[in-house]
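Here's the structure we're looking at; comments come further down.
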Amino acid sequence: MALNTLEFDCKAEAASVRLAAPVHYGVVGSGDLEVILEPCDLGGGVKVKVTTPISGFDAVWRKVVETFVNRARLADVAIDINDNNASPAVVSMRLQQALAETAA
Amino acid sequence: MPNWSKLQTRSFLESSARERALGLVDEGTFTELAGPFDRMSSPHLVALGEAVEFDDGVVTGVGRIGKRPVFVISQEGRFIGGAVGEVGGAKMVTTIDLAVAFAEELRAANPKIAADELPLVAISFETGGVRLHESNAGLLAHAEVMDAFQRARGKVPVVALIGSRIGCFGGMGFVAAATDVIVMSEFGRLGLTGPEVIEEEMGKDEFDASNRALVYRTTGGRHKYIMGDCNFLVDDRVAAFRAQVAELCRLPVADFEQFRRIGSAALVEKQMRLVALAAEMQPKDAYDVWRRAGNNDPAGLGDAPVDDFRKQAQRLSV
């Protein structure tokens with residue numbers, strides 16, 4: 001019954017956007033999550049870690065995060081997520097909001 | 001980072017723990033300690049398969065208001081109802097102890113240091129009390145915070161701010177009562193046993209938790225202000241809470257004794273007179289007590305804008 005940890009790497013097709021500083025966004029409310037985006041030397045790749053009470057949705061997590069990474073063209077970023085049963089749409093939105101925080 | 005100026009106009013009720021912490025102190029002065037990047041989550045929740053948060057639901061840090069260093073503790077109600085566990089509790093205790101140690105350091109370096117240059121602790125409560133998942137560790141955290149208040153007493157003022165969605169209930173209701181001064185908004189709620197728990201235990205006739213008006217006039221800021229359980233009633237704006245803390249920041253620590261509701265023989269006697277009054281009156285509703293305090297139209301007062309309420313409300317004296 002322990003908490004599930006999901007770890008994977010991905011790489012954007014046209015990876016070019018790097019973070020200037022780490023950012024934290026969100027609250028682990030019910031159906032919500034928090035995310036940390038940190039610059040990290042990964043040869044242009046992106047490292048992802050998801051901590052969630054839910055199991056069996058590994059493929060969905062991968063799809064949602066990869067879509068975000070590709071659209072944002074992120075490079076050399078470590079993504080760390082604490083999830084509490086967020087839906088894919090919420091995950092996608094929070095990732096974008098976290099990225100928007102770095103630009104603010 | 002949220003924009004500081006925009007935060008000031010925001011509803012305190014709707015602000016997250018981090019937004020409240022940031023907005024309470026002067027612009028650009030807040031430094032978070034043991035923040036999310038330090039990843040101090042609860043090991044107990046991991047073992048139970050429950051979702052964790054990088055800051056364990058408590059934002060701690062230090063900023064300034066004017067010249068005064070302000071150590072801030074801010075609880076996040078959206079994470080497990082702001083319930084306090086081992087890690088979050090340790091963060092609270094350490095922050096208070098840091099403030100006390102810093103005050104001693106400053107006094108040792110400069111015995112003539114001005115009162116408004118010495119540290120103050122501000123705690124934004126949003127919690128139902130003990131995090132039941134962590135049982136004894138969570139209970140112990142409550143006791144340790146109260147212990148820390150005793151170490152701070154007479155050295156560093158501790159200010160409670162209550163105006164968030166969850167209110168301040170359970171063991172943390174006791175903890176808030178043990179601070180030097182309490183600032184609430186009308187949307188803040190303070191108590192020991194929460195409305196739902198009373199209804200569950202004693203039945204709907206005793207307390208109807210779905211009756212929001214009843215809940216607020218029994219546990220809300222206006223009632224607590226009349227009862228003297230809170231010292232100041234402010235508007236539901238981050239700037240309003242901040243302004244009240246800034247005003248308190250001008251006072252030397254000795255002046256905070258006048259705001260305390262508990263903690264001396266005289267105050268124990270006052271509380272006993274209150275108990276005697278309750279036994280004599282047998283009030284059926286908060287408004288009965290408001291009337292006793294000298295408010296002839298309690299319902300009208302309850303519905304009045306908070307600004308008018310502050311001007312007109314007679315506070316109970318025993």
Side-chain angles (χ1 to χ4, degrees), chain A residues 1-7 19-40 47-58 60-61 76-88 90-91 93-104, chain B residues 1-7 14-22 30-61 74-83 85 87-88 124 126-128 131 133 164-166:
Chain A
M1 200 175 67
L3 214 46
N4 293 302
T5 309
L6 176 64
E7 285 180 90
L19 293 181
V23 62
H24 166 262
Y25 188 85
V27 174
V28 191
S30 179
D32 214 329
L33 60 85
E34 68 178 337
V35 56
I36 285 178
L37 304 177
E38 280 175 305
C40 185
K47 186 171 79 175
V48 183
K49 183 182 172 199
V50 180
T51 308
T52 172
I54 289 291
S55 58
F57 288 85
D58 294 14
V60 180
W61 273 110
D76 292 322
V77 175
I79 302 178
D80 199 346
I81 294 172
N82 275 335
D83 167 64
N84 186 9
N85 306 333
S87 68
V90 171
V91 176
M93 184 172 70
R94 295 291 180 239
L95 286 167
Q96 288 171 51
Q97 284 172 314
L99 190 61
E101 282 285 299
T102 63
Chain B
M1 277 289 175
N3 179 296
W4 187 89
S5 305
K6 275 187 195 158
L7 272 182
E14 290 169 7
S15 299
S16 72
R18 192 158 284 105
E19 289 168 338
R20 277 177 263 135
L22 215 73
F30 187 70
T31 300
E32 190 164 346
L33 303 170
F37 297 107
D38 295 313
R39 293 173 167 81
M40 294 175 74
S41 317
S42 161
H44 305 286
L45 294 176
V46 173
L48 291 166
E50 293 279 340
V52 294
E53 186 158 86
F54 290 127
D55 58 18
D56 203 34
V58 182
V59 176
T60 48
S74 185
Q75 297 173 326
E76 178 54 65
R78 279 189 290 158
F79 180 63
I80 334 184
V87 174
S124 174
E126 187 182 17
T127 175
R131 185 182 294 168
H133 316 66
S164 299
R165 202 167 290 279
I166 302 289

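Residue numbers start from 1 in every chain, and the chains themselves are labelled A, B, ... in the order their sequence lines are given, proteins ahead of strands. Every value quoted in this text rests on a predicted model; they were computed, and no experiment measured them.
For the atom pair OG1 (A:Thr51) and CG (B:Leu45), the distance works out to 12.0 Å, reported to the nearest 0.5 Å.
Chain B forms more heavy-atom pairs under 4.5 Å with one residue of A:Asp32, A:Asn85, A:Val27, A:Asn84 than with any other, namely A:Val27. When the candidates A:Val23, A:Ile54, A:Thr5, A:Leu33 are compared by the number of heavy-atom contacts under 4.5 Å with chain B, A:Val23 comes out ahead. Contact count versus chain A (heavy atoms, under 4.5 Å) is highest, among B:Arg39, B:Arg18, B:Glu76, for B:Arg39.
Interface remark: A:Asp80 contributes backbone and side-chain atoms alike to the contact with chain B (heavy atom separation under 4.5 Å). Only the backbone of A:Ser30 comes within contact range of chain B, judged by heavy atoms closer than 4.5 Å. Contact of A:Asp83 with chain B is made through the backbone alone, with heavy-atom distances under 4.5 Å. The parts of B:Glu53 that come within reach of chain A are both its backbone and its side chain, each placing non-hydrogen atoms under 4.5 angstrom from that chain.
Nearest heavy atom pair, residue A:Pro53 against residue B:Gly49, reads CB-O, 3.4 Å. Pairing each heavy atom of A:Val28 with each of B:Val52, the nearest pair is CG2-O, 3.4 Å. Contact detail for A:Ile36 and B:Pro36: the closest heavy-atom pair is CD1-O, 3.5 Å.
With hydrogens and angles disregarded, a donor-acceptor distance shorter than 3.5 Å links the side chain of A:Glu34 to the backbone of B:Phe54.
In B:Phe37, the CZ atom is crowded: over 12 heavy atoms of neighbouring residues, nucleotides or ligands sit closer than 6.0 Å.
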